[in-house]
Amino acid sequence: MSPRTDRPPPSAVTALWGYAAVRAVGLVILAVAAAVAGEDALHRLKGRWDSVWYVRIAEHGYGHEVTLPDGSVHSDLAFFPLLPALERGLSEVARIDAATAGLVVSWAASLAAAWGIYAVGERVAGRRAGVVLAVLWGVYPTAFVQSMAYTETLFTAFAAWSLYAVLRGRWIWAGVLCAGAGLTRPSAAALVAAVGVTALVTAVRERRVPLRMAAGVLLAPLGWLGYVVFVALRRGSATAYFEVQAAWGNSVDGGVALARFVWRNLTGPVPLAGVGLCAALALVGWVVWLCVRQRQPLPVLVYTVGIVVVSLVGAAYFGSRPRLMMPAFPLLLPAAVALARLRDRTVVPVLAGLAAASGAYGAFTLLGAGPP
C-alpha cells in the first residue's frame with residue numbers, strides 16, 4: 001500500500017533512523033544481558049575473535065602467526081588490510097586505542113551501508129521498500145556483527161554503493177568502490193563478477209564499450225588482486241594467499257565440507273539438527289529463487305548469488321556461514337517489498353519484534369564462547 005499523501009515520502013533519513021533504532025535495541029539487550037552475566041559488553045564488541053587480529057595488524061603490521069596444537073599455522077595474512085589501516089589512522093588522529101577505533105569505523109560504516117542499501121532498494125523497488133530493506137538488514141539474525149569491530153559493515157557499504165553506481169551507469173565510481181571492497185574482504189570476488197558481467201551484457205546489447213565502462217571494469221578487481229599479489233610477494237609463492245586461507249581451514253572445496261557437516265548431523269545422535277540444517281539451506285535456495293522471480297537487476301542478482309555461493313563452497317566453520325552471507329542484503333528485498341505494502345501500524349511491530357529477537361540472539365552469541 002502506498003504511503004498517505006498527506007505525509008512526506010520516506011527517505012534515506014527515515015532509513016537511517018530506522019536502522020539506528022533497531023541496532024540500538026540490539027545493543028541495549030546486549031548491555032543488559034552482559035550486566036546480568038557480569039561481563040563487559042563493550043569488550044565483546046571490540047576485543048574478541050577476529051577483532052583481535054585486526055587490532056594487532058593495526059598496531060604492529062603483518063607478520064604475526066599462531067601455531068595450534070595440531071601443528072597448523074594461522075597467519076594474519078588471512079585478513080585483508082583496509083580495516084586495520086583505518087583503525088591505525090583513526091587511532092593516531094583521534095588519540096584512541098586501535099580497538100576503539102575499529103568500533104568507530106564499523107559503526108560509521110554500518111550507517112553508510114544502511115544508506116547504500118536504502119539507495120539500491122529505492123532504485124529497484126521504491127522508497128518505502130528501500131527503507132524497510134535497510135531496517136531488515138539491521139535485524140538480520142547475525143546483525144550483532146554489524147556492531148562489532150569486524151569487516152562486514154565496511155564491505156557492505158562499499159558493495160551497496162558500488163551496485164548503486166552500476167545501476168546509475170557510473171562505471172568509474174563502481175570500479176573504485178569495488179576496489180575498496182576488495183581491500184576489505186575476499187568475498188569481493190562476487191562484486192567484481194557483478195560489475196564485469198553487467199558491463200559485458202551492456203556492451204553486447206549496446207554494441208560498444210564506452211571508455212568509462214572499460215575503466216570501471218579494470219578498476220574493480222584491483223583491491224582484491226592487489227592484496228593477493230602482496231601476499232604472494234611476501235611469501236614468495238604465487239598461491240601464498242590461498243595457502244594461508246587453507247591453513248585456517250578456509251579452502252574452497254566446492255561445498256564438500258558443508259555436505260559432510262550436514263550428513264554427520266543427519267546420521268548423528270540428534271538427526272533433527274541435520275533436518276534443521278537442510279531446512280535452512282532450502283530456505284536460502286527459496287529466497288534466491290524469489291530474487292530471480294522478482295527480476296532484480298542483473299548486477300544485484302549476480303552479486304547476491306555470488307555472495308551466497310562464496311559463503312557455501314568454502315570449508316569454513318559452519319556457524320560462520322550466516323555471517324558470511326549477511327552482505328547479500330538483496331536476499332531481503334522480497335520480504336521488504338511485501339512488508340512495504342502494509343500499513344505502518346503493522347510494519348512497525350513486526351520490525352520491532354524482529355529487532356528484539358535479533359538482539360536476544362546476538363547477546364546469547366556474544367556472551368558465549370564460540371565465534372560468530
Side-chain angles (χ1 to χ4, degrees), residues 113-114 116-143 152 155-156 158-169 171 174 177-178 181 185 187-206 217 220 252 254-255 258-259 262 277-314 321-342 354:
I117 289 169
Y118 162 80
V120 172
E122 185 273 336
R123 185 80 179 178
V124 174
R127 289 184 177 181
R128 188 170 172 84
V131 171
V132 177
L133 179 63
V135 177
L136 278 178
W137 191 66
V139 299
Y140 184 86
T142 59
E152 273 73 14
F155 173 79
T156 305
F158 279 118
W161 285 109
S162 180
L163 290 174
Y164 181 73
V166 173
L167 293 174
R168 293 287 305 273
W171 290 102
L177 292 165
C178 186
R185 292 188 61 80
S187 48
L191 186 60
V192 173
V195 174
V197 169
T198 306
L200 178 61
V201 171
T202 302
V204 170
R205 184 176 62 244
E206 298 181 357
V217 171
V252 176
L258 174 60
V262 173
L277 293 172
C278 290
L281 293 171
L283 176 62
V284 172
W286 178 64
V287 173
V288 170
W289 178 78
L290 288 179
C291 293
V292 174
R293 186 180 178 185
Q294 195 179 34
R295 296 184 178 181
Q296 293 182 6
L298 181 62
V300 176
L301 195 58
V302 171
Y303 167 76
T304 302
V305 173
I307 291 291
V308 171
V309 170
V310 168
S311 302
L312 297 180
V313 301
R321 295 176 194 263
R323 170 176 65 85
L324 299 178
M325 212 174 293
M326 186 170 62
F329 64 88
L331 288 173
L332 302 171
L333 194 52
V337 171
L339 285 172
R341 297 191 183 106
L342 305 177
L354 291 173

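Proximity of Y303 to V197: side-chain heavy atoms (C-beta onward) are nowhere separated by under 4.5 Å. Side-chain contact between L354 and L136 is present, with at least one heavy-atom pair separated by less than 4.5 Å. For the pair S187 and E152, the minimum side-chain heavy-atom distance is 4.5 Å or more. By the 4.5 Å heavy-atom criterion applied to side chains, L324 and L312 are not counted as neighbours. Counting heavy atoms from C-beta on, the side chains of C291 and L301 come closer than 4.5 Å. Two residues are said to be in side-chain contact when any heavy atoms from C-beta on lie closer than 4.5 Å; L167 and V300 meet this criterion. Inter-residue side-chain proximity for V120 and P330 is flagged as unmet; no heavy-atom pair is nearer than 4.5 Å.
Considering every non-hydrogen atom in both G138 and A143, the closest pair reads O-CB, 3.3 Å. A134 and A114 get closest at one heavy-atom pair: CB-O, 3.6 Å. Nearest heavy atom pair, residue G121 against residue L333, reads CA-CD1, 4.4 Å. Residues A220 and V192 share a closest heavy-atom pair of O-CG2, 3.7 Å. L342 and R128 make their closest contact through O-NH2, 2.7 Å (heavy atoms, listed as atom of the first residue, atom of the second, distance). Nearest approach of V217 to A199, heavy atoms of both residues: CG2-CB, 3.4 Å.
Panel note: side chain W137, backbone M326; a donor-acceptor pair is recorded below 3.5 Å. Between the Y140 side chain and the F329 main chain, no donor and acceptor come within less than 3.5 Å of each other.
Atom CG of L331 sits about 9.5 Å away from atom CG of L283, to the nearest 0.5 Å. Here the straight-line distance linking atom CG of L191 with atom OG1 of T156 works out to 10.5 Å at 0.5 Å rounding. Once rounded to the nearest 0.5 Å, the distance linking CG of L290 with CD of Q296 reads 9.5 Å. L133 contributes atom CG, which lies 10.5 Å from atom CG of L339 (distance to the nearest 0.5 angstrom). Taken from CD in E122 to CD1 in I117, the straight-line distance is 14.5 Å, to the nearest 0.5 Å. Taken from OG in S162 to CZ in F155, the straight-line distance is 9.5 Å, to the nearest 0.5 Å.
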